[in-house]
Amino acid sequence: MISLIASDMDGTLLNEKMTVPPENAAAIKKAAQRGIKFIVATGRSYGEAKPLIESVGIEAPIIAMNGAQVFDEQGKVISTVSINKTVIRKIFHLLKSKGLYFEVMTNQGTVSDSKMRRIQNVASLLVDLQTTDSFKIAVSLASARLELMNITYVDSYEKLLDDPKVTILKVIAFSAEKQKVLQPVTKELMTLGNLAITASSASNIEINHSNAQKGVALETYAKSLSIPMTQVMSIGDNLNDASMLEAASVSFAMGNATEEIKEVARYLTDTNVNHGVGKAIERAITENLS
C-alpha cells in the first residue's frame with residue numbers, strides 16, 4: 001500500500017514547457033482523495049518550485065535544492081542543511097579555475113554573477129527539453145521566464161562569503177561540453193569531503209552537503225509522518241533522484257530518464273511529455289503496489 005508519493009520536477013512532473021500537465025495534477029488529486037500524500041522533491045529552490053504546483057491547484061510540502069531545505073505545505077522551513085563556507089570558498093576557487101559558470105542557492109534566494117550566462121543556460125535547457133529547436137527563440141523564452149524568477153545578481157560571489165547572514169545551500173555549475181568537462185571537475189570536488197555531487201541534466205553538476213540529498217530528506221519526512229519506507233513511492237529521471245529512488249520501496253524511472261536511473265528504479269513509466277507521473281500514480285492506485 002502506498003501512503004506517500006515523492007516526485008522530481010524537471011524532466012518528471014513538468015513537461016517540455018516546464019509546466020505541470022493536467023493529467024499529472026489530476027492523478028495527484030485523485031491520490032489525495034484516497035489518503036495518499038504527495039511531496040515534491042526538486043533541485044529547484046522553493047521560490048521556483050512552489051508557483052508551478054500552485055498554478056494547477058496543488059498544495060504540497062517541498063524538498064528543495066536536492067534536500068538542502070524541506071518546507072511544509074504552508075511554506076514553513078522544516079529543516080536546513082548548508083555547506084560550510086570554508087568548503088564553499090574552495091568550491092568557488094575550483095569552478096572559477098576551470099572557467100565554469102555557476103550559480104549559488106542561498107537562504108536568501110538564488111544568486112548569479114552573470115545575467116547573460118544565466119539566460120544562455122536556461123535557453124540551452126529549453127532546447128534540450130525540445131521546447132523549441134531554435135536557440136534564438138529559446139533565448140527569448142528564457143529572458144521572459146527570468147523576469148518571473150527572484151534572482152539576485154552580484155558582481156562577485158565573495159560578497160556571499162563575507163556576509164554572515166547568508167547561508168549557502170547548493171551550488172550548480174554548467175558546461176556546454178557537458179560531462180566531458182564536468183566529470184573530471186566532480187572528481188576534484190569530491191576530494192574536498194562531505195559533499196554530494198549529482199546532476200539534473202547532462203550539462204550541469206549540483207553540489208550539496210552530503211546530508212542534503214533527496215533520499216535522506218524523504219526518509220526523514222516519511223518518518224515524521226510515521227510512514228514506513230515500504231509505503232513510499234518515488235519518481236525521477238536523473239542522477240539527483242537516485243538517492244530517493246533507492247530509499248523508496250516503490251520507485252519509477254521516467255521514460256526519458258538516464259540509463260543509470262532506469263537501472264536503479266523498480267518500475268518504468270512513460271516520458272514527462274506523455275505525463276508519465278500521472279500514469280505511474282494511476283498504476284500505483286490501481287495495482288496497490290508494494
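- Linking Ile, Leu, Val, Met, Phe, Trp and Tyr residues whenever their side-chain heavy atoms come within less than 4.5 Å leaves V40 and I63 in two separate clusters.
- Residues passing the side chain to side chain donor-acceptor pair (under 3.5 Å) test with E219: none are found, sequence neighbours excluded.
- Each of N274, D270, T271 was evaluated against K279; a single residue qualifies, D270, per the side-chain hydrogen bond (donor to acceptor under 3.5 Å, both in side chains) test.
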TODO: Could you walk me through whether V171 and M105 pass the side chain to side chain contact (heavy atoms under 4.5 Å, CB included) test, one step at a time?
DONE: CA-CA 6 Å; V171 178; M105 303 176 88; over 6 Å; no
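- Side-chain N/O atoms of S112 and Y101 include a donor and acceptor closer than 3.5 Å.
- Checked by atom type and distance alone, the side chain of K85 pairs as donor or acceptor with a backbone atom of L160 at under 3.5 Å.
- Tracing side-chain contacts under 4.5 Å through hydrophobic residues (I, L, V, M, F, W, Y), one never reaches L239 starting from M244; they form parts of separate clusters.
- Surrounding NZ of K223 are at most 12 heavy atoms belonging to other residues, nucleotides or ligands under 6.0 Å away.
- Residue K90 places its NZ atom among 12 or fewer non-hydrogen atoms of other residues, nucleotides or ligands, all under 6.0 Å distant.
- Listed by chain and number, the residues in a side chain to side chain donor-acceptor pair (under 3.5 Å) with N84 are T86 (sequence neighbours excluded).
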Open item on the list: What verdict does the side chain to side chain contact (heavy atoms under 4.5 Å, CB included) test give for I151 and V111, after you've listed the backbone C-alpha separation in whole Å, the side-chain angles of each residue and the deciding distance to 0.1 Å?
Closed with: CA-CA 6 Å; I151 305 298; V111 181; over 6 Å; no
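- Heavy atoms of other residues, nucleotides or ligands lying less than 6.0 angstrom from NZ of K37 number 12 at most.
- Screening V87, L95, I172 for a side-chain contact (heavy atoms from CB on, under 4.5 Å) with I207, the sole residue that qualifies is L95.
- Residues passing the side chain to side chain donor-acceptor pair (under 3.5 Å) test with N204, sequence neighbours excluded: S200, S201.
- Under the side chain to side chain donor-acceptor pair (under 3.5 Å) criterion, E282 pairs with K30, not counting sequence neighbours.
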TODO: Determine, step by step, whether I53 and I28 satisfy the side chain to side chain contact (heavy atoms under 4.5 Å, CB included) criterion, reporting the C-alpha distance in whole Å, the side-chain angles of both residues, the deciding distance to 0.1 Å, and the verdict.
DONE: CA-CA 11 Å; I53 60 172; I28 292 167; over 6 Å; no
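- A donor-acceptor contact shorter than 3.5 Å is absent between the side chain of Q69 and the backbone of A64.
- In terms of heavy-atom proximity, I62 sits nearest to A49 at CD1-CB, 4.2 Å.
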TODO: Evaluate side-chain hydrogen bond (donor to acceptor under 3.5 Å, both in side chains) for D237 paired with T12, printing each intermediate quantity in order.
DONE: CA-CA 6 Å; D237 75 305; T12 304; 3.1 Å; yes
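- A single hydrophobic cluster is seen to contain both F92 and L189, as judged by linkage of ILVMFWY side chains at heavy-atom distances under 4.5 Å, directly or through other members.
- Contact between G276 and T269 at its shortest, heavy atoms only, is O-OG1, 2.7 Å.
- Under a 3.5 Å cut-off, the side chain of N256 and the backbone N or O of N272 do form a donor-acceptor pair.
- For residues 159-172, the set of pairs meeting the side chain to side chain donor-acceptor pair (under 3.5 Å) definition, not counting sequence neighbours, comprises K170-E206.
- The nearest pair of heavy atoms linking F38 to L4 is N-CD1, 4.2 Å.
- Linking Ile, Leu, Val, Met, Phe, Trp and Tyr whenever their side-chain heavy atoms come within less than 4.5 Å puts L14 and M254 in one cluster.
- For the pair S251 (side chain) and R266 (backbone), a donor-acceptor distance under 3.5 Å is present.
- Looking only at distances, no side-chain donor or acceptor of Y267 sits under 3.5 Å from a matching main-chain atom of A253.
- Connection of I235 to L13 is established within a shared hydrophobic cluster, with ILVMFWY side chains joined at heavy-atom distances below 4.5 Å, either directly or through further cluster members.
- Listed by first and then second residue, the ring pair (Phe, Tyr, Trp, His ring centres under 6.0 Å) pairs that reach into residues 57-85 are Y46-F71, sequence neighbours excluded.
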Open item on the list: Quick one, L52 with M9, criterion side chain to side chain contact (heavy atoms under 4.5 Å, CB included). Give me CA distance, side-chain angles, the key distance, then yes/no.
Closed with: CA-CA 9 Å; L52 293 169; M9 292 197 85; 3.8 Å; yes
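- Residues M233 and A284 share a closest heavy-atom pair of SD-CB, 3.5 Å.
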- [ ] Take N66 and N208 through the test side-chain hydrogen bond (donor to acceptor under 3.5 Å, both in side chains) and record every step on the way to the result.
- [x] CA-CA 8 Å; N66 294 336; N208 287 87; 3.2 Å; yes
